[in-house]
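If you read the sequence from its start, that first residue is 1, and numbering goes on from there.
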Amino acid sequence: MITDSQVERWLREDLGHDDVTNQVPGETTGRLVAKERGILAGLEAARAVFDYLDVDVLEALESETAIEPGDEVLRVAGATREVLRGERLAVNLVGHASGIATRTRRAVDEARAESDDVRIAATRKTTPGLRGLEKRAVVAGGGDTHRLDCSHMVMVKDNHVAELGLEDAVSRFRERVSFATKVEVEVESPGDAPRAVEAGADVVLLDNMSPPETREGVDLLADRRGVLTEASGGIELEDVADYAATGVDVISMGSLTHSAPALDLSFRTGERVA
């Protein structure tokens, strides 16, 4: 949920302490309009901004909607000053989220060309303060959120292995974790995949491996029922089909959130009431 305090921080950052620019009298309407094709996301954030400013949201499309240039995404009405104060936030938030959703949908489509079973997932490479918005945008694009934070799953990464050793790291976290929480172990060579499972991994992350290496790791775990495999590490859109063809269960991509260009939108006011 987007809280009032979150909206207040956004507004404080954008408006500052002496907002003269938006001191415009009267009442007006505003329209958020798409300028390019994509998948819509972030509408809940725009709604939260306008609700906070006591601006009425008259119409809005749903997240996950495929939009074309010229489509009206959101229509609002209220005091001109408040509509203008929310304008830039609405454009920025929806544009950013929709860019992520659009990139995710492209990755999902690439994966589906090879496999109906593989999942496209995000990572924790999100913008501080915007993780909720960005993860929901991934879902809008047809992707998987992966863990939302460190409490959702134990992930034994290279630094844990360097500090504790693979087996001791898994054992240490297994002793402390709830029975309902999965443990994922990152390995850097296919041959270490069975070792991770023997140590107690529920999920094996095949990190920074080529598609042939990833396939080797997947094949080594073919008889380990219930163990999931994940490929990650610098995977781009053009690589997705090759990784999907390896038989891996999950392809996680930091680029879904940290490298997605914002979808181009504009906000237009008009039809002033007074």
Quiz item: Should Leu130 and Leu265 be regarded as members of a common hydrophobic cluster, given that ILVMFWY residues are connected when their side-chain heavy atoms come within less than 4.5 Å of each other, either directly or indirectly?
Solution: yes

Quiz item: Can you find a heavy atom in the side chain of Thr127 that is under 4.5 Å from one in the side chain of Thr257?
Solution: no

Quiz item: Do Asp264 and Glu36 come within less than 4.5 Å of each other through their side chains, counting heavy atoms only?
Solution: yes

Quiz item: Just checking, is any N or O donor in the side chain of Asp192 or Ser189 under 3.5 Å from an acceptor N or O on the other one?
Solution: yes

Exercise. Would you mind checking if Glu184 and Arg147 are paired as a salt bridge, meaning a charged N to carboxylate O distance below 4.0 Å?
Key: no

Exercise. Verify the neighbour count for atom CD of Gln23: are there more than 12 heavy atoms of other residues, nucleotides or ligands below 6.0 Å?
Key: yes

Quiz item: With a 4.0 Å cut-off, would you call Lys157 and Glu188 a salt bridge?
Solution: no

Self-check item: From Leu220 atom CG to Arg195 atom CZ, the distance as rounded to the nearest 0.5 Å
Solution: 14.0 Å

Exercise. Mind running salt bridge (charged side-chain N to carboxylate O under 4.0 Å, His left out) on Glu87 and Arg31 for me, showing each step along the way?
Key: CA-CA 9 Å; Glu87 167 191 356; Arg31 299 183 301 127; over 6 Å; no

Exercise. State, yes or no, whether a side-chain contact exists between Phe50 and Asp56 at a heavy-atom distance under 4.5 Å.
Key: no

Practice problem: Tell me, yes or no, whether the heavy-atom count around Arg172 atom CZ, taken from other residues, nucleotides or ligands under 6.0 Å, exceeds 12. | Solution: no

Self-check item: Side chain Thr3, main chain Gln6, donor-acceptor under 3.5 Å
Solution: yes

Self-check item: More than 12 heavy atoms of other groups within 6.0 Å of Glu62 CD
Solution: no

Quiz item: Have Glu8 and Ser5 got a donor and an acceptor in their side chains that come within less than 3.5 Å?
Solution: no

Quiz prompt | Polar side-chain atom of Arg103 near backbone of Ser98 as donor-acceptor pair, under 3.5 Å | solution = no

Quiz item: Should Arg174 and Asp202 count as an ion pair when the cut-off is N to O under 4.0 Å?
Solution: yes

Self-check item: Same apolar cluster: Leu15 and Trp10, side chain cutoff 4.5 Å
Solution: yes

Quiz item: How far apart are the closest heavy atoms of Ala101 and Ile39, and which atoms are they?
Solution: CB-O, 3.6 Å

Quiz item: Is there a donor-acceptor contact under 3.5 Å linking the side chains of Ser232 and Ser252?
Solution: yes

Quiz item: If we ignore angles and hydrogens, is there a donor and acceptor under 3.5 Å between the side chains of Thr80 and Glu27?
Solution: no

Quiz prompt | Heavy-atom pair of closest approach, residues Thr145 and Ala122 | solution = O-CB, 4.0 Å

Quiz item: Around atom CD of Glu68, are there more than 12 heavy atoms of other residues, nucleotides or ligands at under 6.0 Å?
Solution: yes

Quiz item: With His146, which of Arg124, Glu230, Lys135 fulfils side chain to side chain donor-acceptor pair (under 3.5 Å)?
Solution: Glu230

Quiz item: What heavy-atom pair brings Val185 and Ala201 nearest, and what distance separates the two atoms?
Solution: CG2-CB, 3.5 Å

Quiz item: Can you find a heavy atom in the side chain of Val94 that is under 4.5 Å from one in the side chain of Leu43?
Solution: yes

Quiz item: Does Glu236 reach the side chain of Ser259, with side-chain heavy atoms less than 4.5 Å apart?
Solution: no

Quiz prompt | Charged N-O contact under 4.0 Å between Glu82 and Arg85 | solution = yes

Practice problem: With the side chain counted from C-beta on, respond yes when Tyr52 and Asp4 share a heavy-atom pair under 4.5 Å apart, and no when they do not. | Solution: yes

Quiz prompt | Partner set under ring-ring contact (aromatic ring centres under 6.0 Å, His included) for Phe173, not counting sequence neighbours | solution = His160

Quiz item: How many angstroms lie between CG in Leu89 and CD in Glu13, if you round to the nearest 0.5 Å?
Solution: 8.0 Å

Quiz prompt | Connected via hydrophobic side-chain network under 4.5 Å: Val57 and Val73 | solution = yes

Quiz item: Taking only residues two or more places apart in sequence, or in another chain, which ones meet Pro211 in a side chain to side chain contact (heavy atoms under 4.5 Å, CB included)?
Solution: Asp242, Tyr243, Thr246

Quiz item: Linking I/L/V/M/F/W/Y whenever their side-chain heavy atoms sit closer than 4.5 Å, directly or via other members, would Val177 and Val203 fall into one cluster?
Solution: no

Self-check item: Asp109/Arg106 salt bridge by N-O under 4.0 Å criterion
Solution: no

Quiz item: Quick one: do Asp144 and Arg119 make a salt bridge, cutoff under 4.0 Å?
Solution: yes

Quiz item: Between Thr269 and Leu84, is any pair of side-chain heavy atoms under 4.5 Å apart?
Solution: yes

Exercise. Looking only at non-hydrogen atoms, find the nearest pair between Val118 and Ala244 and report the distance.
Key: CG1-CB, 3.9 Å

Self-check item: Pair Asp149-Ser151, side-chain hydrogen bond (donor to acceptor under 3.5 Å, both in side chains): steps then yes or no
Solution: CA-CA 6 Å; Asp149 56 49; Ser151 69; 2.5 Å; yes

Quiz prompt | Rounded distance [0.5 Å steps], CD in Glu44 versus CG in Leu133 | solution = 6.0 Å

Quiz prompt | Shared hydrophobic cluster for Leu206 and Val250 (ILVMFWY, side-chain gaps under 4.5 Å) | solution = no

